[in-house]
Amino acid sequence: MSHTIQGDPMHPFAKFALPLLGLTLAAPDFSAAQTTERISIPDQYKWNLADLFPSDSAWKQEKEKLVSELPSLKQFKGTLGSSAKQLLGCLDLTFQLNKDFSKLSSYASMSSDQDTRVSQYLGMQQEISQIGSTFSAEAAYIEPEILKIDPAKVQEFVKSEPTLAVYQHYLDDILRRKAHTGTAGEEKIIADAGLMADAPDNIYGIFSNADFPYPEITLSDGKTVKLNQAGYSLYRASTNREDRKKVFETFFSKLNDFRRTYGTQLNAEVKKDMFYKNARNYSSCLESSLDANNIPTKVYYNLIENVDKNLSTFHRYLKLRRRILGVDTLHYYDLYAPLLKEVDLKYSYEEAQKEILAALKPLGSDYTDVLKNGFAHRWLDVYPTEGKRSGAYSNGSAYDVHPYMLLNYNGKYDDMSTVAHEFGHSMQSYLSNKTQPYATSQYPIFVAEVASTFNEALLIDYVLKNTKDDAARLSLLGSYLEGIKGTVFRQTQFAEFELRIHEMAEKGEPLTGDVLNKTYDEIVKKYYGHDQKVCIVDDEIQAEWMFIPHFYYNFYVFQYATSFTASAALSEQVMSGDKDATKKYLEFLSAGGSDYPIELLKKAGVDMTTSAPFDLTMKKMNRVMDEMEEILTKMGE
C-alpha cells in the first residue's frame, strides 16, 4: 500500500507504508463474522494503536506541535549552499518533521480503517492530508536550491561533515532528477496541488467501504448473507457452483449500476497522474511514476510482453482447474472455488501462527522471534467487522514504533498465507527501521512485494513437505498455482489495464464507466482465453475494475508480479539451504532505501532487467502442473 504525504510520485519525502495474544486454547471463531461489530471482538485480536499514541488527544497535541514547527523550515531558505552545517541542519529538520508526520498519518489512517463509518477519524485523515500539503509547500525550495549548488561542492560538504553521509543517496537522487525538478516557485505550486491529489482515492475508499449499498443474497442452504467486500471474497469461494454464479452476478451487477460514479472517480485519478507527468516534464504517466525509483519503463513493458508470450502456460492451468472441478465449461466464477470439494483446508488464527513460525524457520531465530513478539503484542487487527477497511496491508511507516498489519481473516489457507505475506512486509519494515537511519529506512515500492511473496513461498513449501495425502497435496499445489494466477497473471492483467487507460487519457480519449468496462472486458477475455473457450468471461465481469483499489496507487500493481518472480528465485536459493543466499536475503531486508531497487535486488542475487526470474517462475509453474496431473491420473480423475 502506498502512503505519501501528497500525490506527487517524485516528492523527496514520499513514504512507504505497507495497510495479538496467541492463545494455546481453542479461540472463538470470528472468521465468518463479516457483520460483527468491532466492540464484540476481544482485544487480543485487535491491534493496539496506543503504541503510536495513547489517545486521540495525545495525537492532537502532537499534530499541533508539528504544525507549529513547520514554519521553522524557512530559516534555511537561501542558505543551503553556504555551508555543510546549513545543509545538514535543513535535512535533519526536514526528515525529523517527516518522521513525525508519518507517525501522525499512520495513526489517523489506521484509526479510520478499523471503522470507516466513524467521521471523526475521516476528519483526522483530512487534517493530516492538508498538513502534508503544507509541509510539502514549506519544503518546496529544498531540491531546487540543492540543484543550484555545484555537485563537487556538495561532495566537499559531505566530506567535511561526515554526518551528511546518511543523506548521500538522497542527494545523488536529486541530481539524477534535475531535468524533472522545477524552480522553487514551481515546486511550491506542485506541492500545493497535494491538497487535491488524494481526493479520488479517498472518495473511492469511503464510497466502497462505508457508503456503497452492498446487496444481500440467499444461498442454496437458505442462509441470507451480505455481499460487502469481505462477504464477496468469502462466498465467491463457495463449493456450490450456483451460489458462486449468483454471488458474481449479484455483486458485479450492483457495482455496474454505479459505473458512472466509479468511472468519474478513476478518471479523476488518471487526470491527477497526468498533472504530475506534465508538471515534471515526463513523456508519459508511466515514466513519471517509475522514475521515482529509477526503474526503466522497459521493466514494465517486458513484464506485459513476457506474460503475453506465456498465456499458453496460464491456459494450461485453467484447463487443469476445469478438469479438477469436473465442469464441461470453466467460467470466471469458478476461479475461486476450492479445487477439491472434499478438501477444505481450514486454519484457526492460532494454528496459522504455529504453521507460519515453523515455515519461516530457515530465516533464523532472530527473524521468527520478531514474529512471535508481533503476534503476542497486538501488531495485527485480525477479523472482518462492520465498516472495517477490506483486504489486508502492513503499515511500517512509523519509524520509532513497530509495524502494524490489517487483516480480514476468514480461516482458510489463503488467509493464513495472507498473514505470512503481510508479515513479510512488516519484517522488511522492522529490519530496515532497525538497521538504517531514517533517511534511508523506507524501502522502494518496487521491492516491497518481494519479502511478502517470499514468505508465501516458504509457507507452502513447508506445508507441502508435511502433507502426504494426495487430495490435500493437490489442493495445496493448486493453491500455489492460484498464487501465480493472482500475483503474476492477474496483476499483470491489471497493469495492462492501468497502462491502457493512461495511454488513452494521454491521447485525449474519454474514460467513462462504459469505456472502462469495454477496455477491461477486452483485456480479461484475452488473458483467460475467452474466445478459445478456455474460460468464459461472463458479461458482469466487465465491472470488476471497480472492485480494485490498487488502480488509485499510481502504477503499483505490476510490482506484485515482478516481485513474485524475484522472490521465486531468491526463495529457491534459501530453501536449498544456501547459507550465503540466506545472509544476502536478510541483508536485502535490512537495506531499506539505501540504493535503487534494481541494484538492491542484484545484491540479493536476482537481476530484474532480464527475463531470467520470469522464466524460472514459468518453469516452476509447469513442474507443479506436472505433479498435479500425475496425482489426478493416480486418483483416476
Which heavy atom of [X] sits nearest a heavy atom of [Y], and at what distance?
{"X": "Ala591", "Y": "Leu600", "result": "CB-CD2, 3.7 Å"}
{"X": "Ser426", "Y": "Pro403", "result": "O-CG, 3.4 Å"}
{"X": "Leu459", "Y": "Ala420", "result": "CD2-CB, 4.1 Å"}
{"X": "Leu616", "Y": "Glu572", "result": "CD2-CG, 4.5 Å"}
{"X": "Thr582", "Y": "Pro362", "result": "CG2-O, 3.9 Å"}
{"X": "Pro444", "Y": "Asp595", "result": "CG-O, 4.1 Å"}

When you measure from the side chain of [X] to the backbone N and O of [Y], does any donor-acceptor pair fall under 3.5 Å?
{"X": "Ser567", "Y": "Ser563", "value": "yes"}
{"X": "Asp415", "Y": "Lys412", "value": "yes"}
{"X": "Arg321", "Y": "Asp334", "value": "yes"}
{"X": "Asp578", "Y": "Gln573", "value": "no"}
{"X": "Asp308", "Y": "Ile304", "value": "no"}
{"X": "Ser475", "Y": "Ala471", "value": "no"}
{"X": "Asn267", "Y": "Gly263", "value": "no"}
{"X": "Thr418", "Y": "Ala392", "value": "no"}
{"X": "Thr250", "Y": "Val247", "value": "no"}
{"X": "Arg244", "Y": "Tyr333", "value": "yes"}

**Message:** Aromatic contact between Tyr262 and Phe207, with the criterion being ring centroids under 6.0 Å apart: yes or no?
**Reply:** yes
**Request:** Please check if the distance between the ring centroids of Tyr596 and Phe446 is under 6.0 Å.
**Result:** no
Could you verify whether a donor N or O on one side chain and an acceptor N or O on the other, from [X] and [Y], lie under 3.5 Å apart?
{"X": "Tyr282", "Y": "Asp291", "answer": "yes"}
{"X": "Ser220", "Y": "Asn240", "answer": "yes"}
{"X": "Asn517", "Y": "Arg259", "answer": "no"}
{"X": "Glu287", "Y": "Thr297", "answer": "no"}
{"X": "Tyr520", "Y": "Glu544", "answer": "yes"}
{"X": "Tyr214", "Y": "Gln229", "answer": "yes"}
{"X": "Tyr527", "Y": "Glu522", "answer": "no"}
{"X": "Asp514", "Y": "Thr512", "answer": "no"}
{"X": "Asp273", "Y": "His502", "answer": "yes"}
{"X": "Glu449", "Y": "His425", "answer": "yes"}
{"X": "Arg316", "Y": "Asn622", "answer": "yes"}

Within-4.5 Å side-chain heavy-atom neighbours: [X] and [Y]:
{"X": "Glu355", "Y": "Tyr462", "value": "yes"}
{"X": "Gln559", "Y": "Val447", "value": "no"}
{"X": "Tyr413", "Y": "Val463", "value": "yes"}
{"X": "Thr610", "Y": "Asp607", "value": "yes"}
{"X": "Thr313", "Y": "Met625", "value": "yes"}
{"X": "Leu380", "Y": "Phe423", "value": "yes"}
{"X": "Tyr317", "Y": "Phe489", "value": "no"}
{"X": "Arg323", "Y": "Lys319", "value": "no"}

**Request:** Check the pair Arg500, Glu496 against salt bridge (Lys or Arg N to Asp or Glu O under 4.0 Å), reporting the backbone distance first and the verdict last.
**Result:** CA-CA 6 Å; Arg500 181 90 60 86; Glu496 187 168 343; 3.7 Å; yes
**Prompt:** Restricting to pairs with a member in residues 463-482, which pass ring pair (Phe, Tyr, Trp, His ring centres under 6.0 Å), not counting sequence neighbours?
**Reply:** none
**Asked** Are any of the side-chain nitrogens in Glu249 or Lys246 under 4.0 Å away from the carboxylate oxygens of its partner?
**Response** no
**Message:** Using a strict threshold of under 4.0 Å (side-chain N to carboxylate O), is an ion pair present between Lys602 and Glu599?
**Reply:** yes
**Message:** Working note: Met575 + Leu458, criterion side-chain contact (heavy atoms from CB on, under 4.5 Å); need CA distance, chi angles, decisive distance, verdict.
**Reply:** CA-CA 7 Å; Met575 287 186 291; Leu458 262 62; 3.8 Å; yes
**Trace of the side-chain contact (heavy atoms from CB on, under 4.5 Å) decision for Val488 with Lys485** = CA-CA 6 Å; Val488 177; Lys485 181 263 284 184; over 6 Å; no
**Message:** Can you confirm whether Lys583 is buried at NZ, in the sense that more than 12 heavy atoms of other residues, nucleotides or ligands lie under 6.0 Å from that atom?
**Reply:** no
**Item:** Cys535/His331 under side-chain contact (heavy atoms from CB on, under 4.5 Å): CA gap, chis, key distance, verdict
**Value:** CA-CA 5 Å; Cys535 177; His331 282 255; 5.7 Å; no
**Request:** Could you give me the CA-CA distance, side-chain angles and deciding distance for Phe551 and Tyr204, then say whether ring pair (Phe, Tyr, Trp, His ring centres under 6.0 Å) is met?
**Result:** CA-CA 10 Å; Phe551 293 141; Tyr204 173 86; 9.2 Å; no
**Asked** Please walk me through it: do Ser253 and Glu540 pass side-chain hydrogen bond (donor to acceptor under 3.5 Å, both in side chains)?
**Response** CA-CA 6 Å; Ser253 293; Glu540 65 269 11; 5.7 Å; no
**Prompt:** When His550 is tested against each of Phe494, Trp545, Phe555, Tyr560 for ring-ring contact (aromatic ring centres under 6.0 Å, His included), which residue passes?
**Reply:** Tyr560
**Message:** Quick check on ring-ring contact (aromatic ring centres under 6.0 Å, His included): which of Tyr300, Tyr553, Phe497, Tyr301 does Phe558 satisfy it with?
**Reply:** Tyr300
**Message:** So, applying side chain to side chain contact (heavy atoms under 4.5 Å, CB included) with Val557, which one of Glu498, Gln493, Arg490 is it?
**Reply:** Glu498
**Request:** Evaluate side-chain contact (heavy atoms from CB on, under 4.5 Å) for Val606 paired with Val450, printing each intermediate quantity in order.
**Result:** CA-CA 11 Å; Val606 61; Val450 173; over 6 Å; no
**Verdict with reasoning, Glu627 to Arg473, per salt bridge (Lys or Arg N to Asp or Glu O under 4.0 Å)** = CA-CA 10 Å; Glu627 181 178 349; Arg473 284 190 67 81; 2.9 Å; yes
**Prompt:** Can Lys584 and Glu587 be said to form a salt bridge (Lys or Arg N to Asp or Glu O under 4.0 Å), step by step?
**Reply:** CA-CA 5 Å; Lys584 286 181 179 179; Glu587 288 173 350; over 6 Å; no
**Asked** What pairs with Tyr332 under ring pair (Phe, Tyr, Trp, His ring centres under 6.0 Å), at least two apart in sequence or on another chain?
**Response** Tyr528
